[in-house]
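For reference, the structure is listed below as structure tokens.
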Amino acid sequence: MSDKKKEKDAPNPYKETLHLPVTEFPMRASLTEREPQRLAKWEAEGLYQQIQEKRRGSRKFILHDGPPFANGDVHMGTALNKILKDLVVKSKTMLGWHAPFVPGWDCHGLPIEFRVVKESTGLTPVEVRRRSEEYARKYIDIQRNSFKRLGVFGDWENPYLTLDPGYEADIIRVFAKLVEQDLVYRMKRPVLWSYGAGTALAEAEVEYKDKVSPAIYVSFALASANLPAALEGANLVIWTTTPWTLPANLGIALHPDFDYVVGEFTNAENIAARFVVAKSLLNEFATKTGFSLVTELAQMKGREFVGLETQHPFLPRTSKVINGLFVTADTGTGQVHIAPGHGADDYQAGRENGMEILSPVDGRGHYTAEVGLPDLVGKHVFQANEPIIALLTEKGALLARESYAHQYPHCWRSKTPIIFRAVEQYFIRVEQIRSKALEEIDRVKWLPAWGRNRIYGTVESRPDWCISRQRTWGVPLPVFYHADGTPVVSAEVARKVADIIEQVGTNAWFEKSDAEWATLVGLPEGAVKGNDTLDVWIDSGCSHVAVLDRHPELHSPADLYIEATDQHRGWFQSSLMLSVVARGAAPYKSVITHGFVVDTSGKKVSKSDQGNDKNAKPMTADHYYNKYGADLVRLWVSSVDYQNEVPFSEELFQQASESYRRLRNTLRVLLGNLDGFNAAEDAVEADQLTLVDRWILSQLENLKQECREAYDAYDFRKVFVLLNQFCAVDLSALYVDITKDRLYCDATSGLRRRATQTAIHRITDALCRLLAPILSFTADEAWEYLGHQTSVHLEDFPELDPSYVNPEATAAVQELLKVRAVIQQAIEKARQEKRIGSNLEATVELTLPESGFQHPVFEALPTLEEFFILSVLTIKRTDASEPSAVVLESPHQKCARCWKHVPAVGHQPHADLCDRCDEAVA
RNA sequence: GGGCCUGUAGCUCAGUUGGUUAGAGCACCGCCUUGAUAAGGCGGGGGUCAAUGGUUCGAGUCCAUUCAGGCCCA
């Protein structure tokens with residue numbers, strides 16, 4: 001090692017003559033401080049409105065916002081969703097479209113009502129609704145602030161709310177259309193019922209508690225004519241923990257694939273009988289009832305029993321034998337008692353098998369006359385278990401009884417056990433719109449493509465849509481009842497209701513008396529309004545009517561919907577169905593779905609996990625934009641494959657930070673090198689550009705085109721990768737590194753220097769535009785430092801200019817890079833051996849094969865030295881097949897200004913300078 | 001249990017119609033630089049392509065099964 005290497009370099013006396021990068025654009029982003037300032041600036045300038053004004057008249061692109069529920073803070077999943085939408089809106093805008101974005105909120109529904117009712121009991125419906133609205137509006141404000149803070153552009157001052165009177169009126173008008181098309185019917189259906197509170201409950205209002213119930217084995221004698229010999233005189237046997245539902249028994253379900261044994265059984269008292277029992281449960285049956293199998297007469301599959309009938313044990317009617325996949329073999333007999341009015345599976349099975357929905361129980365839990373047993377009428381169902389068991393014993397149908405401890409649902413308020421009770425509900429006849437809906441599915445573009453199958457399967461198999469809810473915080477189901485209880489389900493009446501609601505809101509439904517309403521809608525005296533509200537999926541499913549059709553800036557069908565994959569069954573489906581009803585077509589032209597946010601081990605993360613796991617990471621967006629900044633949240637979104645589950649962790653934010661720093665520092669050095677450059681005066685003509693300039697601008701053209709295409713295909717991840725690679729590889733490692741020498745050391749107005757500044761100017765301009773949708777804050781900030789007074793968000797993506805596409809330069813640089821790799825390896829070896837430090841201390845003897853590397857640049861030593869960042873390069877050609885390089889310590893003096901070790905150093909007048917620097921200083 | 005989907009380096013992802021030693025960025029390790037400096041450059045290590053079986057001259061890429069995970073149902 002030379003002595004001069006060890007010497008501490010004296011301060012460069014020529015430093016003042018260098019053109020080092022100068023810019024106020026800070027290296028440190030300080031996003032959490034700067035972003036709010038920029039946000040305030042945008043708001044003060046009315047940037048969103050400016051964008052709308054500027055784009056008015058351009059072709060329109062409508063991304064319709066699916067309304068998040070106005071409950072809780074913005075979760076990372078919600079942030080992902082909104083940022084994806086924003087990436088679409090911003091990129092479509094910069095691609096030349098007019099893409100207004102009207103955000104919305106879903107305001108009605110149980111979770112809010114539940115919260116309100118939990119806080120204080122005994123509220124009137126009007127008060128529940130008042131507080132629910134207050135609650136919803138509070139969270140709308142919270143969420144709106146988060147979305148804005150994340151840099152999402154939209155008409156935040158005029159969002160759509162499903163509680164707006166106009167919106168509510170449109171929901172009711174859609175209901176009128178449903179009625180008009182004869183799609184609405186009324187039918188009993190079992191619901192979770194609290195006899196203590198006298199009301200229907202939702203799943204969320206049920207608490208599971210321990211309860212001991214009587215569990216009984218009951219035999220049902222087969223009663224069909226022409227039974228197979230083995231089944232003559234045989235009995236099916238069911239096991240149930242709700243004896244009180246037996247009066248409503250209308251069927252017995254067997255699993256189609258289970259094996260059932262038909263046989264002669266006897267017990268300790270030598271009573272013999274012929275039973276059917278699931279084979280796998282024979283032992284349990286014997287233990288519990290005392291009846292053990294003596295003679296097996298036959299084995300049959302469950303499906304072979306279908307169509308038979310049994311005699312009801314104490315009522316004068318028969319029960320149907322059916323199959324059901326819900327039948328299990330854990331307990332009982334593999335045969336399930338079916339009371340369609342008292343259970344969800346029972347109901348489904350009952351409907352599929354043409355059974356009545358019998359539910360002889362009133363709202364207080366007492367039997368009605370329908371029960372068929374005079375002694376039981378008026379008795380509470382839980383008081384009826386013993387009399388029924390006694391009756392079964394008397395009829396000889398009771399084979400065994402036991403006490404059974406299990407988790408049983410209880411009402412969260414009255415704490416009483418809940419029962420399944422069938423009440424009248426309203427349904428949409430899906431069958432009548434199904435085929436049209438399926439047709440429409442194939443007219444929509446689904447991204448990813450498998451989304452088509454997902455929703456198709458859902459629509460294909462979905463049962464009729466139950467649209468009534470026994471709730472308060474919702475849009476009223478606009479039906480009335482005559483004094484005799486006859487329902488009035490009328491499109492005309494519904495439209496009158498809608499017109500009134502439009503003026504005063506749905507609270508009026510609850511505030512005005514029945515008599516007032518009857519008068520208003522023209523019904524005879526004595527008519528009363530219904531108490532049901534509409535399923536909230538009707539609310540959001542009407543947005544294409546209540547928002548797209550109503551809002552002057554928007555149109556229907558929308559060009560695009562974007563939501564998480566759960567919405568195939570949810571909003572995408574409800575919107576499709578109601579749009580088929582309202583306009584005979586799908587409400588969207590294309591649909592994008594994204595995955596759910598999962599942690600790095602691939603497990604889902606949800607709000608509910610937060611409470612249970614004390615180590616759980618924060619999952620609300622505010623934590624992340626307050627800690628890292630919105631641009632980092634946005635960069636994270638752009639970096640993932642959103643069509644799958646989206647991995648999320650604090651570690652990923654560290655990773656995004658690294659990418660961010662690279663992007664930011666690249667912008668910074670570009671801006672710094674533009675110091676003193678006036679594009680209008682100093683830019684050079686294209687034909688004056690040097691090889692590397694032509695090459696980088698050709699790369700830039702490529703980047704522009706690929707980014708445009710990726711944005712157009714909603715492939716933000718690809719944009720992220722392209723921009724990262726361009727900044728890290730093409731710019732940072734190559735172009736900027738190579739051109740430092742000319743930028744810093746050449747004369748201010750030197751042609752090479754100006755050529756590179758010209759290129760850098762083009763590059764920086766393009767980068768700011770291409771980055772704008774993703775790094776909305778940072779790109780705008782850099783744009784400002786580029787000398788612009790207005791926001792980058794008012795600009796288009798950079799236009800393609802094919803004249804800069806330069807295959808010749810690209811081919812040359814590709815060859816140069818191959819050689820560069822060889823040289824760098826040789827230099828690295830020398831460096832590891834401590835023979836040299838920086839590249840400029842080396843002299844490289846390059847050997848090239850005779851063939852290949854024929855580009856004229858290989859004859860231009862100064863260009864090669866610059867490209868490889870070397871002081872001195874020599875080349876010889878041999879018959880070797882691959883290039884090779886030998887690295888020697890340079891024998892030349894170091895130029896005090898540019899640090900190159902070249903022969904020119906040592907001449908007068910500046911003995912410590914090379915010729916180039918001598919000229920530059922002069 | 002059913003429907004739809006996913007499983008490639010520590011992390012996030014590329015891998016065209018099956019065909020040379022499976023790629024990128026980040027992270028990691030070592031070196032250089034101190035004129036992008038709470039920056040920058042160079043070099044390097046790292047993958048049984050979830051597993052098993054099959055089709056094929058040849059499979060990360062096709063088929064089957066299994067395992068793990070997600071959404072929606074039951």
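Below, chain A is the first sequence line, B the second, and so on; all start at residue 1.
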Nearest-neighbour nucleotide for the A:Gln824 side chain, B:G30, B:C42, B:C4 considered: B:C42
Distance-only donor-acceptor test (3.5 Å): side chain A:Thr666, base B:A36: no
Between B:G41, B:A74, B:G35, spot the one nearest the side chain of A:Leu20, thanks. B:G35
Under 3.5 Å, is there an N or O donor on one side and an acceptor on the other linking the side chain of A:Glu828 and the base of B:G30? yes
Check whether any side-chain nitrogen or oxygen of A:Lys740 sits under 4.0 Å from OP1 or OP2 of B:A36, and answer yes or no. yes
What's the gap between B:G23 and B:U8 when it is taken at their C1' atoms, as a whole Å value? 10 Å
A:Glu658, nearest nucleotide to its side chain (from B:G44, B:C26, B:U12): B:C26
Check the phosphate of B:G3 against A:Tyr456, side-chain N and O only, distance under 4.0 Å to OP1 or OP2. Yes or no? no
When rounded to whole Å, the CD to C1' distance for the pair A:Gln643 and B:C13 reads 13 Å
I'd like the P distance from B:G46 over to B:A22, given in whole Å. 13 Å
Side-chain donor or acceptor of A:Arg753 paired with backbone N/O of A:Thr748 under 3.5 Å: yes
Using atom C1' of each nucleotide, how far apart are B:G18 and B:C62 to the nearest Å? 8 Å
Between A:Trp899 and B:G35, do the rings stack, that is, sit under 5.5 Å apart with planes less than 30° off each other? yes
Take atom C1' in B:C31 and the same atom in B:A51, then report the distance between them in whole Å. 41 Å
What contact category does A:Arg462 fall into here, base, sugar-phosphate, or nothing, at under 4.0 angstrom with non-hydrogen atoms? nothing
Whole-Å distance, A:Asn673 CG to B:G40 C1', equals 13 Å
Nearest to the side chain of A:Arg820 - B:G30, B:U12, B:C42? B:C42
Quick check on A:Gln407: does its CD atom have over 12 non-hydrogen neighbours (other residues, nucleotides or ligands) under 6.0 Å away? yes
On a whole-Å scale, what distance lies between the P atoms belonging to B:A14 and B:U6? 12 Å
Examine B:C32: is either OP1 or OP2 under 4.0 Å from a nitrogen or oxygen in the side chain of A:Lys834? Give yes or no. yes
Mind checking if A:Asp566 touches a base, just sugar-phosphate, or nothing, with heavy atoms under 4.0 Å? sugar-phosphate
Do A:Asp715 and A:Glu709 have side chains that approach each other closer than 4.5 Å (heavy atoms only, starting at C-beta)? no
Please work out the stems of RNA chain B from pairs that are Watson-Crick or G-U wobble with both distances under 3.5 Å, keeping only runs of three or more consecutive pairs. B:1-7 with B:67-73, B:10-13 with B:23-26, B:28-32 with B:40-44, B:50-54 with B:62-66
What nucleic acid atoms does A:Lys15 come within less than 4.0 Å of, heavy atoms only: base, sugar-phosphate, or nothing? base
A:Val872 backbone acceptor or donor facing A:Thr843 side chain under 3.5 Å: no
Let me know the distance between CG of A:Leu870 and C1' of B:C42, rounded to the nearest Å. 12 Å
With the side chain defined as heavy atoms from C-beta on, A:Ser838 is closest, among B:A36, B:U33, B:G70, to B:U33
Looking only at atom C1', what distance separates B:G53 and B:C67, rounded to whole Å? 15 Å
A:Arg662 side chain: which of B:C42, B:G3, B:G40 is closest? B:G40
For A:Trp571 and A:Tyr561, I'd like to know if the aromatic rings sit close, meaning centre-to-centre distance below 6.0 Å. yes
Just compare B:U37, B:G69, B:C11 and give me whichever is closest to any side-chain atom of A:Glu651. B:C11
How far does the C1' atom of B:A9 sit from the matching atom of B:A24, given to the nearest Å? 11 Å
Taking the six-membered ring where the residue is Trp, are the ring centres of A:Trp446 and A:Tyr588 under 6.0 Å apart? yes
Please report the distance, rounded to the nearest Å, between CG in A:Leu723 and P in B:U12. 21 Å
Starting at atom CZ of A:Arg668, determine the distance to atom P of B:U37, rounded to an integer number of angstrom. 5 Å
Does A:Thr458 reach a base, just sugar-phosphate, or nothing at all? Heavy atoms under 4.0 Å. nothing
Between A:Phe648 and A:Tyr624, is the ring centre distance below 6.0 Å? yes
Could you check which of B:C32, B:A36, B:A74 has an atom nearest any side-chain atom of A:Arg831? B:C32
Check: A:Thr23 side chain, A:Gly672 main-chain N or O, donor-acceptor pair, under 3.5 Å: no
Using the side-chain heavy atoms of A:Asp345, tell me which of these nucleotides is nearest: B:A74, B:C26, B:G70. B:A74
Round to the nearest Å and state the distance from A:Glu706 atom CD to B:A14 atom C1'. 12 Å
A:Lys718 near the nucleic acid: base, sugar-phosphate alone, or nothing, with a heavy-atom cut-off under 4.0 Å? nothing
Does B:C72 have its OP1 or OP2 closer than 4.0 Å to a side-chain nitrogen or oxygen of A:Thr565? no
Mark yes when over 12 heavy atoms from residues, nucleotides or ligands other than A:Gln654 sit less than 6.0 Å from its CD; otherwise mark no. yes
Between atom CG in A:Asn665 and atom P in B:A38, what is the gap in whole Å? 10 Å
Send over the distance from A:Glu889 CD to B:C32 P, rounded to a whole Å. 15 Å
Sole residue of A:Lys829, A:Arg835, A:Glu828 in side chain to side chain donor-acceptor pair (under 3.5 Å) with A:Gln832: A:Glu828
Would you measure the distance from the P atom in B:U21 across to the matching atom in B:G60 and give it in whole Å? 11 Å
Quick one: on RNA chain B, does A:Arg717 or A:Asn839 contact a more 5' nucleotide (nearest heavy atom)? A:Arg717
How would you label the contact of A:Val721 with the nucleic acid (heavy atoms, under 4.0 Å): base, sugar-phosphate, or nothing? nothing
Looking across every strand, which nucleic acid part, if any, lies under 4.0 Å from A:Arg661 by heavy atom: base, sugar-phosphate, or nothing? sugar-phosphate
Closest to the A:Glu841 side chain: B:U33, B:G69, B:A36? B:U33
Considering residues, nucleotides and ligands other than A:Glu882, do more than 12 of their heavy atoms fall under 6.0 Å from its CD? no
Applying a 4.0 Å non-hydrogen cut-off, can you work out what A:Arg454 is touching in the nucleic acid: base, sugar-phosphate, or nothing? base
By nearest-nucleotide position on RNA chain B, the 5'-leaning member of A:Ile827 and A:Phe720 is A:Phe720
